[in-house]
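Lettering of chains follows the sequences in order, A, B, ..., and the numbering in each one begins at 1.
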There are 2 protein chains.
Amino acid sequence: MIPLEKRAELLKIIAHPARIKILEDLTQGVKCVSDFEDSLDISQPNVSQHLTLLRTNGIIDFFVDGRLKCYFLKEPFIPDLLDLLKKEYDDDMPAPACCPVTKKGTYPGERRR
Amino acid sequence: MIPLEKRAELLKIIAHPARIKILEDLTQGVKCVSDFEDSLDISQPNVSQHLTLLRTNGIIDFFVDGRLKCYFLKEPFIPDLLDLLKKEYDDDMPAPACCPVTKKGTYPGERRR
DNA sequence: TAAATACATGCAAATATTATTATATTTTAA
DNA sequence: TTAAAATATAATAATATTTGCATGTATTTA
């Protein structure tokens, strides 16, 4: 199984609005850099930096078509994650009635804030 | 649907090895702070900080049992995400044969590094 | 072959995150 | 009522991330 540290790293790389948008765009198919410039409304160098980060971490890749770089999704985990992020959850998980060990305690606890 | 910014935030909050471990421990049931101190091998204040971050963002909650604080999972997205992170993917996604727009280009492209 | 297009890189500034240390609060037990 | 246990908070220091900007390179077109 993929080790804890790597799982954290993977999520961290994805956990940025620009990069999530990039990945979502890529689930629709191949895009080149200027496509993201339009859809993200950030500067070209900034787009390039996000793409480089995603690529050097093996999440996306590209091929060259003349002066275009055509980026595509490589990491199969991504579509599943993006789907999960779109899933609607109606309710919070149920709070345990009491502490399973001491069989005591009350919820909700008193909070200072 | 949960907006882009929020999705990024959510992932960012989870994307830390200590916090992923905390959440995994919590899928097994209620735990108090000192349990994490043992299982994570980080300082008590640091555990507390991670727990506070998770709680103030609605991902976990606690109830009070004497001088223990019993933490539990609240955000239903978490178990699904943790499962997904454990899933094995055998192969990378297939690279497109050519640019769907220009019908040209070669993969892999030339890389500088 | 000069200009334009598409993209990448390096670096510095701004900001955010993390761990650490010290201290405070709450509760139970003696 | 005092001490200790369990946890939280605050301040700080160390790092990491993010962005902006200037510049650099490759490719195509005129």
TODO: Measure from NZ on B/Lys69 to P on D/dT9 and round the result to the nearest Å.
DONE: 7 Å
- [ ] Mind calculating the distance between CG (A/Asp38) and P (C/dA6) to the nearest angstrom?
- [x] 10 Å
Task: Lys/Arg N to Asp/Glu carboxylate O, B/Asp61 vs B/Arg55, below 4.0 Å - done: no
- [ ] Take atom CG of B/Leu51 and atom C1' of C/dA19, then tell me their distance rounded to the nearest Å.
- [x] 15 Å
Open item on the list: Minimum heavy-atom separation for A/Asp25 and A/Ser39, please, with both atom names.
Closed with: OD2-OG, 2.7 Å
TODO: Would you kindly give the CG-to-C1' distance between B/Asp35 and D/dT7, to the nearest whole Å?
DONE: 13 Å
- [ ] Taking only the side-chain heavy atoms of B/Pro45 (C-beta and beyond), determine which of C/dT17, C/dC7, D/dA8 contains the nearest atom.
- [x] D/dA8
TODO: Return the value, rounded to whole Å, for the distance between atom CG of B/Asn46 and atom C1' of D/dA10.
DONE: 14 Å
Open item on the list: Once rounded to the nearest 0.5 Å, what's the spacing between atom CG of A/Leu40 and atom CD1 of A/Ile20?
Closed with: 11.5 Å
Open item on the list: If I take atom CD1 in residue A/Ile20 and atom P in nucleotide D/dT18, what distance separates them, rounded to the nearest angstrom?
Closed with: 12 Å
Task: Phosphate OP1/OP2 of C/dC7 contacted by A/Ser34 side-chain N/O (<4.0 Å) - done: yes
Open item on the list: Quick check on C/dT25: is either OP1 or OP2 less than 4.0 Å from any side-chain nitrogen or oxygen of B/Arg67?
Closed with: no
Open item on the list: Looking at the base of D/dA8, is there any donor atom on it, or on the side chain of B/Gln44, that sits under 3.5 Å from an acceptor on the other one?
Closed with: yes
TODO: May I ask you to decide if the ring planes of B/Phe77 and A/Tyr89 are parallel, tilted or perpendicular, using 30° and 60° as cut-offs?
DONE: perpendicular
Task: Nucleotide of C/dC7, D/dT19, D/dT7 approaching A/Cys32 most closely (side-chain heavy atoms) - done: C/dC7
TODO: Send over the distance from A/Arg55 CZ to C/dC7 C1', rounded to a whole Å.
DONE: 11 Å
Open item on the list: So B/Tyr71, base contact, sugar-phosphate only, or nothing? Heavy-atom distance under 4.0 Å.
Closed with: sugar-phosphate
TODO: Select from A/Gln49 and A/Glu37 the residue whose nearest nucleotide in DNA chain C is closer to the 5' end of that strand.
DONE: A/Glu37
Task: Interatomic distance, A/Ile60 CD1 vs C/dA8 C1' [rounded to whole Å] - done: 13 Å
- [ ] Examine A/Lys31 relative to A/Tyr71 and say whether NZ or CZ is less than 6.0 Å from the centre of the six-membered ring and inside a 45° cone about the ring axis.
- [x] no
Task: Phosphate-side-chain proximity, A/Lys12 and D/dT17, N/O vs OP1/OP2 below 4.0 Å - done: yes
Open item on the list: Would you say A/His50 places a side-chain N or O within less than 4.0 Å of OP1 or OP2 belonging to D/dT19?
Closed with: yes
